[in-house]
Every structure is written in C-alpha cells, then in structure tokens.
Amino acid sequence: MSLLELRGVTGGYGPVSVLRGIDLVVEEGEVAVILGANGAGKTTTLRAICGMLDDTAGEVLFDGRDLCGASTPEIARAGIAHVPQGRGTFGDLTVDENLRLGAISRPDPGTEADLARWYEAFPRLAERKDQAAGSMSGGEQQMLAIARAMMGRPRLLLLDEPSLGLAPLITRDVFERLGEINREEGLTMLVVEQNAGLALEIAARGYVLETGQIVIGGTAEELALDDDVRKAYLGF
Amino acid sequence: MAGALIERLLIRPVMRTGNQLNVVIVTLGMFLGINALAALLFIKPGLETPKMPGLFPTDEILGIEGKTLGLALLLALQCLVLWALLQRTKVGLALRGVASNPDSAALVGIHPGRMLMLGWGLAAALGAIAGTATASTAANGAFDTSLMQQVLVYAFAAAALGGFDSLLGAVVGGLIVGIANSLTIQYVDALAGIELVLPFGLILAVLLVRPNGLFGRTIVERV
C-alpha cells in the first residue's frame with residue numbers, strides 16, 4: 001500500500017475550482033516531486049492534502065485512511081508535516097520556540113532529545129536559538145521550517161517550493177539536506193518545486209501538473225528523459 | 001467561560017468578514033447591551049442599589065492607603081500569573097503560536113479556534129477581576145451601570161499608549177495614564193471637572209505620533 005494516494009481530488013478557493021481531479025501516489029520512503037507552471041495548482045494540491053481548502057472532494061488516502069474532510073490540525077496529528085510556501089515560520093517567536101511548537105502535538109518525552117538532535121544537524125539554528133525567527137535570512141528560515149516540521153516526527157513531509165527566494169547555492173544546500181534526511185530517516189517527501197533539475201536529483205518519482213490535472217507521471221528518470229518535460233522545465 | 005462562549009457565537013462569525021473594526025463594534029455593542037440589561041435587572045425605583053463590599057482593608061499600611069496597596073498587589077499577581085502562563089507552559093506557547101501565525105499553528109496540530117476561545121476566556125476572566133476591583137474601590141461602593149464607562153476610556157488610552165499587541169505595553173501604558181491623570185487633577189486647575197480630556201488627548205496624540213504605541217510591533221508586509 002502506498003503511504004499517500006490521491007484519487008480524483010478536486011478543490012479550490014470559494015467559487016473558483018483549481019484542481020480538476022488529481023490522481024497520484026507516493027510510496028513509503030521515497031521523494032516525489034510535482035512540477036508545473038505557475039497557477040497549475042501545485043500549491044493547491046498540497047493545501048488540499050492538508051485540509052486547507054474551503055471544499056475538497058475525492059479521496060486523500062494516507063496509510064489507507066481517508067483524510068479528505070478532516071481538519072488541518074487533525075491531519076498534522078496523523079503524521080503529515082507541511083512546510084508552506086514562504087516557510088510559515090512564527091516570525092516574532094524565537095528559533096527555540098519555533099522548534100518547540102513543531103513538537104507541541106506529540107507527547108512530551110523525546111522533545112528535548114529531538115531538539116538537541118536538530119540543533120546538531122543545523123548548527124546555525126543553535127547559534128540563533130534565542131533570536132526572533134523573522135530576523136533570520138531566507139535560507140536560515142527555510143532550514144528552521146524544515147527542522148520544525150521534523151520536530152513533529154512526521155511520516156510524510158510536504159514541501160512547497162523550498163527554493164523560493166533563495167540564492168542558487170543555498171537552494172542546493174537545502175536540497176542536499178532534504179536528500180540526507182530522506183536517506184537517513186527514510187522519510188517520505190512530496191516536494192513542489194520550480195527548480196526541476198535539482199528536485200529530480202533527489203526524487204524517485206515525478207508528476208507534471210497542468211491546469212489542475214496530472215498530465216505526466218513516472219519515475220524521476222523517465223521524467224528527466226521526457227522531451228516535453230526537458231523543454232518546458234529543464235531548459236534543454 | 002462566558003468569554004469563550006462569546007468568541008464562539010459572536011466574534012468568530014464577525015471575524016470571517018475579515019474586518020477587525022467589526023469586532024470592535026460588536027464588543028462595544030455588547031458592553032452597552034449588557035450594561036443596560038444589568039440596569040434593567042438590578043436597578044428598580046425605590047430599591048436601594050446593591051452595594052459591593054470592600055475587598056481591601058481601609059486602613060493605611062506603611063502610609064499607603066489599603067486599597068491602593070491591594071490593587072498594586074493584585075496587578076502584580078495578575079502580571080506574574082499571565083506571564084508564567086504565556087512564557088512557561090505549553091498552552092502559552094500554543095497561544096502565542098496562534099497569535100503569531102494561525103495557519104502554521106494549524107499545521108503543527110494546534111486548533112486555532114480553541115486557542116482563540118481560550119484567549120477570549122482569559123480576557124473575560126481578567127475583565128471580571130478588574131470589574132470587581134473597580135466596583136469595590138468605587139467611592140460610594142455602589143453598583144452603578146456607568147461604573148466602567150470611565151474605566152473603559154482610561155483602559156483604551158492605556159492600551160493605545162502601550163501598543164495594542166504588547167502585554168508589557170498595557171501595564172506600562174496603564175501606569176503612565178494613571179500617574180498623568182493624578183498629576184493633572186492635582187496641579188492643573190484648568191482641567192478641573194473635565195479630567196476625561198486627558199485620556200482622550202493621549203489617545204489622539206499616540207495615534208497621530210506613534211500608531212503602534214510604545215511597545216507595539218510595527219507590522220511590515222514583505223512582498
């Protein structure tokens with residue numbers, strides 16, 4: 001059984017429907033990537049999984065359980081972490097408080113150990129422990145958002161354009177860290193990304209979204225070799 | 001409890017309109033409505049208005065009036081409890097998370113609605129304490145439906161001065177307004193009888209010069 005499976009998911013914002021029936025699967029332990037132009041519905045797909053749309057229809061099967069219609073906090077507690085576009089840090093709270101909030105929905109034991117672990121993985125965050133999250137650079141905030149998501153010990157991590165607004169070198173760093181977490185923790189990830197080349201490097205599976213529908217789906221190699229994908233998203 | 005209920009039934013539907021001014025209007029309406037209701041229930045012609053027993057000792061302690069000392073201690077205790085709750089507990093962290101970023105709070109598994117209810121409940125509890133304290137220190141010790149009207153003006157001036165989103169600002173603003181008020185009553189004869197000019201003047205000045213108050217955050221939208 002796949003860890004995540006979307007069947008005919010539709011949804012949008014108020015009267016505007018964006019998703020016109022999304023079907024996709026993400027297997028346990030793999031990184032999957034969603035590519036697509038601006039406005040294709042990539043962010044909306046992630047928001048639909050997290051119950052953040054006004055109305056979502058279809059099936060969102062997480063570990064066999066249909067989460068469609070559940071509230072965002074319930075879905076988070078079921079084990080899906082979401083790093084939204086623009087990182088979604090608690091800007092006026094400290095780095096330490098941000099990380100503690102990431103673990104707030106799970107029982108206390110282990111929080112301190114996890115905190116130490118993620119400070120070790122991201123030394124920059126340890127240095128800025130008591131600094132307001134909003135005062136850090138974009139790259140540092142992206143690392144913080146990822147570490148905060150990990151504090152909840154999720155089974156599935158959703159990432160919405162982690163490269164947005166970051167310099168190319170820092171983007172590369174972010175993706176290397178994500179690759180590491182995937183290999184070391186075996187954590188399943190679904191990444192929405194404009195930077196197709198980088199995303200396909202760490203991904204096992206890819207989907208191309210166009211005007212609210214999946215038009216191409218396959219392994220990362222198949223996508224990287226697909227003529228249309230290469231022309232539209234890889235630029236060669 | 002009542003505060004939480006009010007959030008659920010009245011504030012939440014109004015919040016959905018996305019205009020915070022609407023919430024202010026609704027709370028003002030409730031203030032006037034509940035006041036009028038209280039007058040209807042408790043004040044009848046020929047009936048003596050109920051008296052509030054004094055909460056604090058009337059004699060002087062160390063040369064300070066008992067009720068002044070009592071109020072100061074009450075304030076200090078409230079601040080300490082509120083600070084400990086917000087800064088030292090998980091619930092406090094969750095509350096601050098929702099205040100900082102409701103969407104992200106939901107994404108880490110916090111129910112923003114429940115936290116807002118809790119926040120309104122806390123506010124109502126503090127309001128109840130303030131109301132009891134005011135009633136018990138009022139000059140004639142009698143319930144009066146106009147009791148809180150002056151307090152409301154002073155409290156608003158204090159909040160505007162300190163910054164609406166700052167706890168420290170509320171306390172400091174309150175102290176400044178209080179001291180300024182006592183000093184003007186004592187030394188500025190021109191204001192005799194029209195003391196309320198001071199808080200209104202302060203509100204106006206703060207909104208003109210420093211709309212976020214002394215400790216308020218400046219909200220900067222990054223695009």
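Naming convention: chains lettered A, B, ... in sequence-line order (proteins, then strands); numbering from 1 in each chain.
Of the candidates L67(A), L6(A), D66(A), D66(A) is the only one forming a side chain to side chain contact (heavy atoms under 4.5 Å, CB included) with E59(A).
Only the side chain of S71(A) comes within less than 4.5 Å of a heavy atom in chain B; its backbone stays farther off. Contacts between R87(A) and chain B at a heavy-atom distance below 4.5 Å are absent for every atom of the residue. Of the atoms belonging to M52(A), it is side-chain heavy atoms, and not backbone ones, that fall under 4.5 Å from chain B.
Highest contact tally toward chain B, considering only I75(A), L93(A), V83(A), I80(A), is held by L93(A) [criterion: heavy-atom pairs under 4.5 Å].
The two residues L19(A) and G41(A) make their nearest non-hydrogen contact at CD2-O, 3.6 Å.
Counting non-hydrogen atoms of neighbouring residues, nucleotides and ligands closer than 6.0 angstrom, the CZ atom of R106(A) exceeds 12 such neighbours.
Residues Q87(B) and E97(A) form a side-chain contact, since some pair of their non-hydrogen atoms from C-beta on lies under 4.5 Å apart.
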